[in-house]
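In what follows, chains are A, B, ... by sequence order, proteins preceding strands, each numbered from 1.
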Protein chains: 2
Amino acid sequence: MSVTIYDLAREAGVGIGTVSRCLNNHPSVSAETRAKVLDVVKRLSYQPHAYAQRLASKKTNTISAIIPFFTNYFFIQVLQGVQDKAAELGFDLILYGVNNPSQAEYYLRRSLQRGHVDGVMFFSMSLPESYVPKFQQIRLPLVLVDAYHPEFDSISVRNLEGATMATRHLLKLGHTNIAMINASLSTQPARDRMEGYRIALAEAGLPFRNDRVFISEIGKQDGFNREAGRASMEDLIGKNSGKDRATAVFIASDVQAMGALEGAAELGVRVPDDLAIVSFDDIELAQHAQLTTMRQPMYEMGVLALEKLFARMKSPDSAPSLTTFLPSLIVRRSCGASVPSEQLV
Amino acid sequence: MSVTIYDLAREAGVGIGTVSRCLNNHPSVSAETRAKVLDVVKRLSYQPHAYAQRLASKKTNTISAIIPFFTNYFFIQVLQGVQDKAAELGFDLILYGVNNPSQAEYYLRRSLQRGHVDGVMFFSMSLPESYVPKFQQIRLPLVLVDAYHPEFDSISVRNLEGATMATRHLLKLGHTNIAMINASLSTQPARDRMEGYRIALAEAGLPFRNDRVFISEIGKQDGFNREAGRASMEDLIGKNSGKDRATAVFIASDVQAMGALEGAAELGVRVPDDLAIVSFDDIELAQHAQLTTMRQPMYEMGVLALEKLFARMKSPDSAPSLTTFLPSLIVRRSCGASVPSEQLV
DNA sequence: TGAACAGTTGGAAGCGCTTCCATGAATATA
DNA sequence: TATATTCATGGAAGCGCTTCCAACTGTTCA
């Protein structure tokens, strides 16, 4: 049927051990023999059987990525980084796209299956605590991306600093009354982004006021969605009159900002003239909507995730590392800065 | 180290054959024995070794998807369909995201590796002819999605009919001078969409005029990109004056339409008042930009792709099937229809 | 001249499973 | 009672590879 190393061995007049050594670039094969064997390999167009190799060598050359679909553009971008690096390192990538935490758990279990994958990447969700010992027991490398756990390698974005940068930008543009639209404070990113906002205000000697923070938790994703953004904006505009009027708002995510833009347009509030906006994430829509926003280096995060996984395979006992990325400010029209410096396109 | 069926067999006081039969729901095991074995399985928290199973059974329970990243939203949507169905059928999905045809070929070869996957899905690119015999020889199931080849199962969208529907919609709104912005005619979709446009015009007794079709091939993807759309729109507007003025345009894709909108805005042409627009694809941006467009059932296509692959595994000898999906008209603001009927959100 | 050693090589064992065949027990049939 | 027939079961063989160990060939050195 298909060509095996036994066929190669017979054809080349050598033993199967020698054939295997040739295929795996083992040093102790004479140049002559190697050439002979490789010639036969080519002639019979031999292809190794992936699973036989994996069974015998106890390495799978495969990793899995558990990643929620709802992150959309983030999903694609980060996946490109992962995929490119995986190809470079010769790994196959099993994709487990999920829509909810219970699906994620299912795939965690599946990834933990003995000999299934050499490593796991877990994205944008908090790791259920019950899986911590399981990964540690079988010593399966795990990297968290856009998430954090002290026991594992993690990669995340510095939400606090990013929020500070965003708010500082509005301050630099002369705004002194800056509101915030946030998502549920039950999530760490929302808390961090609010803290960053608070810090920037404090730096400028401005008070942090609870009545300037608008939070809606309607819809999915703890309020990180379009409808919640819209509701918050309507709320804000309803209360935004008189001399105490906010002239700018920092919005915790681009998707919320998209909804907020709709709400503002509907209520006749012009952006940026009546209200300047800076948000967070730089999803694809942000460019089209001309949102000034904090960009996360998604592709780079994907690449680094795989690098960390690889490093962990090499040295399983090193201490868990945390790498944080500083988001960068992308200036577009929504903040009202005079010279939009869109460099990306 | 890890628990094997030998451990189970010893612990349960049965043979390894019996254990294996229990695990695989083979009928000829007494209920009593089965219960005993399954109890031990649970007690030792046994996990089968994936690759040992695969080597012995000669089935991988894995499929690969070769899919270009540049399709963006299509990518995510269709992948969700694939993933959901794969989970249901118990398959693992190896994702090979690519950015160019040579990467695609690399992964085709990899997928063809003996015993690597049980089936392959190939998206949105034309299959290199040299791979046709390779798949046929080793009888590896292959499904083409958003693509077509007579020798394989294919799923595609009826571009011609979709274009006709789009153009008809503009006609129904009273337009009699309708232009088209297209991409390179070297691609089948571009040809089909133009033919559909032509047919709708003919139905209405209107002439097809070459000077009303604007094609730019700048940038990537044979002109299916933002810059090309913008260039074409600028070209159109430059030539659009006098009584021979086009009042509507059918644009071959949403991404082109996004660029076209920018160009129109810059040149002071209002959409839809001065120029009505209908485009094609219904990517995520389309909703935000309020583009009236032809929606492709992406999720459904993903599900069907996996169903076809599965069917092909069951009966390798049936004739190749082609399924086409009819896109549906999503009415938003860009066409100027009085009552936007956005049902999706 | 013989011992020690490095460089190659062949092939058995083993990875953990599925499957087939032989066997034995239990039941049905003449 | 003797003989089929069915149902469960144990375990060897085999999937295609890697790896280890033994063995064989030359060389080198005392």
Novice: Mapping A/Tyr6 and B/Leu23 to their closest nucleotides on DNA chain C, which lands nearer the 5' end?
Specialist: A/Tyr6
Novice: Tell me, which of residues 40-59 of chain B have any heavy atom that sits under 4.0 Å from an atom in DNA chain D?
Specialist: B/Leu55, B/Ala56, B/Lys58
Novice: For A/Ile16 and for B/Ala31, find the nucleotide of DNA chain D with the closest heavy atom, then tell me which residue's nucleotide is more 5'.
Specialist: B/Ala31
Novice: Please identify each residue that fulfils side-chain hydrogen bond (donor to acceptor under 3.5 Å, both in side chains) with A/Ser126, with sequence neighbours left out.
Specialist: none
Novice: Can you classify the ring geometry of A/Tyr51 versus B/Tyr51 as parallel (below 30°), tilted (30 to 60°) or perpendicular (above 60°)?
Specialist: parallel
Novice: Anything under 4.0 Å to a heavy atom of chain B counts; send over the first and last such nucleotide of DNA chain C, read 5' to 3'.
Specialist: C/dG16 to C/dC20
Novice: Contact list please: residues 107-120 of chain B against DNA chain C, heavy atoms, distance less than 4.0 Å, in numerical order.
Specialist: none
Novice: Please classify the nucleic acid contact of B/Thr4 as base, sugar-phosphate, or nothing, using heavy-atom distances under 4.0 Å.
Specialist: sugar-phosphate
Novice: Salt bridge (Lys or Arg N to Asp or Glu O under 4.0 Å) with B/Glu105: which residues, sequence neighbours excluded?
Specialist: none
Novice: Could you give the angle between the helix axes at the two ends of the helix from C/dT1-D/dA30 to C/dA30-D/dT1, with five pairs per end, rounded to 10 degrees?
Specialist: 50°
Novice: Where the side chain of A/Lys308 meets the backbone of A/Ser154, is there a donor-acceptor pair that is under 3.5 Å apart?
Specialist: yes
Novice: With sequence neighbours excluded, what pairs up with B/Phe91 under the ring-ring contact (aromatic ring centres under 6.0 Å, His included) test?
Specialist: B/Phe310
Novice: Does B/Tyr107 have any ring-ring contact (aromatic ring centres under 6.0 Å, His included) partners at least two apart in sequence or in another chain, and if so, which?
Specialist: B/Tyr96
Novice: What residues form a side-chain hydrogen bond (donor to acceptor under 3.5 Å, both in side chains) with A/Glu32, not counting sequence neighbours?
Specialist: none
Novice: Within a 6.0 Å radius of atom NZ on A/Lys220, are there more than 12 heavy atoms belonging to other residues, nucleotides or ligands?
Specialist: no
Novice: Using a cutoff of under 3.5 Å, can you pull out all pairs of nitrogen or oxygen atoms linking the protein to nucleotides 20-23 of chain D, with atom names and distances?
Specialist:
unit_1	atom_1	unit_2	atom_2	d
D/dC20	N4	A/Arg21	NH1	2.8

Novice: Taking only residues two or more places apart in sequence, or in another chain, which ones meet B/Asp222 in a salt bridge (Lys or Arg N to Asp or Glu O under 4.0 Å)?
Specialist: none
Novice: Taking side-chain hydrogen bond (donor to acceptor under 3.5 Å, both in side chains) as the test, write out the residues that go with B/Gln188, two or more places apart.
Specialist: B/Arg191, B/Asp192
